[in-house]
Structures are given as C-alpha cells and as structure tokens.
Protein chains: 2
Amino acid sequence: MICHSYNLFFDNFSNKTRIKIIESLILGPKSVTDICNMTKEEQSKVSHNLRNLKECHFLDVKKNGKQRIYSLNKGTVVPILKLVEKHVHKYCGEVCNKK
Amino acid sequence: MICHSYNLFFDNFSNKTRIKIIESLILGPKSVTDICNMTKEEQSKVSHNLRNLKECHFLDVKKNGKQRIYSLNKGTVVPILKLVEKHVHKYCGEVCNKK
DNA sequence: ACCATACATGAATTCTACATCATATGATTT
DNA sequence: AAATCATATGATGTAGAATTCATGTATGGT
C-alpha cells in the first residue's frame with residue numbers, strides 16, 4: 001500500500017535548483033555561501049530551497065559561527081538517485097540533453 | 001555527477017494522481033477503464049497522466065482490441081518507492097496524514 | 001556601539017503543471 | 001457504414017510552486 005503523501009518527498013527531487021543543491025553536497029558538507037557559489041544560484045533562492053530539503057530530512061544543518069553548514073542525508077538520497085540513474089541508462093539513452 | 005534532467009523522472013512521483021495510478025498497477029496490468037475505476041479518477045485525467053509515466057518508461061503498454069493494457073515497470077518503480085517508504089518511517093513519523 | 005557578513009523570512013510576482021472540457025482517433029459491433 | 005466503446009489529444013484557465021525583491025535576525029569584528 002502506497003502512502004499518498006509520498007509526493008511531498010519526491011517534490012524535492014523534481015526541481016532543478018534542488019537537484020543542483022543536492023549535487024553540490026554530495027562531495028561533502030557546505031555553507032550556504034559555498035552552495036551558492038557552486039550552483040551559481042542566488043542566496044535567497046538557495047535558502048528557500050534548502051528549507052524544503054531540510055523539512056523532509058534530506059538535509060541536516062549545524063551552526064558554525066555565522067555560517068550554517070548543510071550536509072546531505074546520504075543514506076536516503078544517494079540510493080534513490082542511483083536507482084533513477086540506473087533507470088535512465090537502461091531505458092532512456094541520452095535524455096539528459098532535454099530541456 | 002548528477003544529471004540535471006533527473007527532475008523529469010521524479011516529476012512522475014510528485015503527483016497524487018500518478019501515485020494512485022502506480023498503486024493501482026502494482027497488483028497487475030490493467031486497462032485504462034480499470035485504472036479509472038480503481039482510482040476514481042476521470043478518463044481524460046488518467047490518460048494524460050499515463051502518458052507522462054510512459055514517456056519515462058515507468059509504464060509499458062500493450063494493445064488488446066480497443067483496450068490498452070498498462071503495466072508497471074516494477075524493476076525500477078517498486079525499489080524507488082520502497083526507499084522513500086523506509087525514509088518516511090525512519091525520519092518522518094506519521095507525515096502521511098498531511099494535506 | 002557600529003558595521004559587515006552570513007543566512008533566513010515574508011510578500012509580491014511570475015511561472016508551470018494540472019485538471020478540465022471539448023473533440024479526435026481507432027477498434028468493434030450491428 | 002453507422003453507432004458505440006475505449007482511449008488519446010489539444011486548448012485553456014487556474015491553483016500552487018518557484019523566483020525575486022526587500023527586509024529581518026544573528027554573529028563576529030573593529
């Protein structure tokens with residue numbers, strides 16, 4: 001039986017900005033400013049999106065002075081992305097150039 | 001390295017109608033009319049959503065007279081849903097009653 | 001105490017995906 | 001070949017999400 005509110009969780013992956021944020025965090029924890037630099041996205045936009053990801057526990061935060069260090073919940077996020085990656089390679093060839 | 005168009009795939013899970021369709025197909029292949037009945041959704045809505053799911057190869061179709069029989073790509077879909085299910089139980093308690 | 005930095009938050013606007021409605025197509029029956 | 005059933009498709013309006021802009025808060029430095 002599937003829970004109908006799972007869509008709330010997948011929302012986090014269905015947005016380019018958030019995928020970029022996740023990508024930037026795969027290598028390791030980062031401050032908001034670092035994330036902005038890596039993703040070339042504005043700070044406000046990043047903060048809003050970090051909030052969504054955090055609400056679903058895909059991200060964790062620690063304070064460090066004025067900085068907030070965000071880290072990825074790799075236990076969940078990485079396996080999910082891996083499954084889609086596998087699926088894409090198997091069925092979808094070079095869909096990656098779309099949009 | 002994450003492909004930035006993965007959001008296209010996750011879109012399919014970030015929608016209640018499509019989750020309901022997926023749910024209805026877990027037990028086995030079904031015609032569009034059957035899916036409409038199980039999900040209590042209108043035919044046009046269902047067809048539009050089936051299209052999205054099919055485009056990403058999460059679903060497969062066969063013709064049978066006037067009917068189209070849709071079946072789930074369980075190899076991909078089920079493991080993905082399982083991972084989120086696990087995540088929800090671990091981190092989010094009874095979020096399932098939201099919305 | 002003041003200013004700068006790092007980040008968050010709220011409101012306003014823009015944008016997009018979805019549902020809806022109407023219509024089209026294709027197969028079957030009579 | 002007309003009528004009917006099963007499904008798909010196109011166009012449009014709209015709700016909700018995402019971005020943007022302005023401002024707020026917290027921390028640290030001087």
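Reminder, nothing fancy here: chain letters follow the sequence lines and each chain counts from 1.
- Counting to the nearest Å, the P atom of C/dA6 and the CG atom of A/L50 are 16 Å from each other.
- An aromatic stacking contact links B/H48 with the base of D/dT9, defined here by ring centres under 5.5 Å apart and ring planes under 30° from parallel.
- Closest to the side chain of A/N49, from the set C/dT28, D/dT19, C/dA6, is D/dT19.
- Summarising the geometry, the separation between NZ on B/K16 and P on C/dC18 is reported as 14 Å, rounded to the nearest angstrom.
- When each of B/I35, B/L72, B/V46 is checked for a side chain to side chain contact (heavy atoms under 4.5 Å, CB included) with B/S24, only B/I35 meets the rule.
- With D/dT20, C/dA8, D/dT9 as the choices, the nucleotide that has an atom nearest any side-chain atom of A/S44 turns out to be D/dT20.
- Checking A/G65 against A/S14, the closest nucleotide of DNA chain D that is more toward the 5' end is the one next to A/S14.
- Between the CD atom of B/Q43 and the C1' atom of C/dT25 there is a distance of 12 Å, rounded to whole Å.
- The CD atom of A/E55 sits 10 Å away from the P atom of C/dT9 (whole-angstrom rounding).
- The NZ-C1' distance, from B/K30 to D/dA6, rounds to 17 Å in whole Å.
- With D/dT7, C/dT20, C/dA8 as the candidates, the nucleotide lying closest to the side chain of B/E42 is C/dT20.
- The interatomic distance linking A/I69 (CD1) with D/dA26 (P) rounds to 19 Å, in whole Å.
- If you look at B/F58 and B/F13, their ring centroids are closer than 6.0 Å.
- If you check every strand for non-hydrogen atoms under 4.0 Å, A/Q67 touches sugar and phosphate atoms only.
- Considering only the side chain of A/R68, C/dC7 comes nearest among D/dT7, C/dC7, D/dG10.
- Side-chain nitrogen and oxygen atoms of A/Y70 include at least one within less than 4.0 Å of the OP1 or OP2 phosphate oxygen of C/dA8.
- Residue B/N15 places at least one side-chain N or O closer than 4.0 Å to OP1 or OP2 of C/dC18.
- Nucleotide D/dG10 holds its P atom 21 Å from the NZ atom of B/K45, rounded to whole Å.
- Here A/T39 contributes atom OG1 and A/K20 contributes atom NZ; the two are 5.5 Å apart, rounded to the nearest 0.5 Å.
- With rounding to whole Å, A/N52 atom CG is found 9 Å from D/dA18 atom C1'.
- Taking every side-chain heavy atom of B/R51 into account, D/dT9 is the closest of C/dA6, D/dA6, D/dT9.
- Applying the side chain to side chain donor-acceptor pair (under 3.5 Å) test between B/K45 and each of B/E41, B/E42, B/H48 identifies B/E41 as the sole match.
- Listed candidates were C/dT5, C/dT28, D/dT9. Nearest to the side chain of B/K66 is C/dT28.
- Screening B/N49, B/L53, B/N12 for a side chain to side chain contact (heavy atoms under 4.5 Å, CB included) involving B/L59 leaves a single residue, B/L53.
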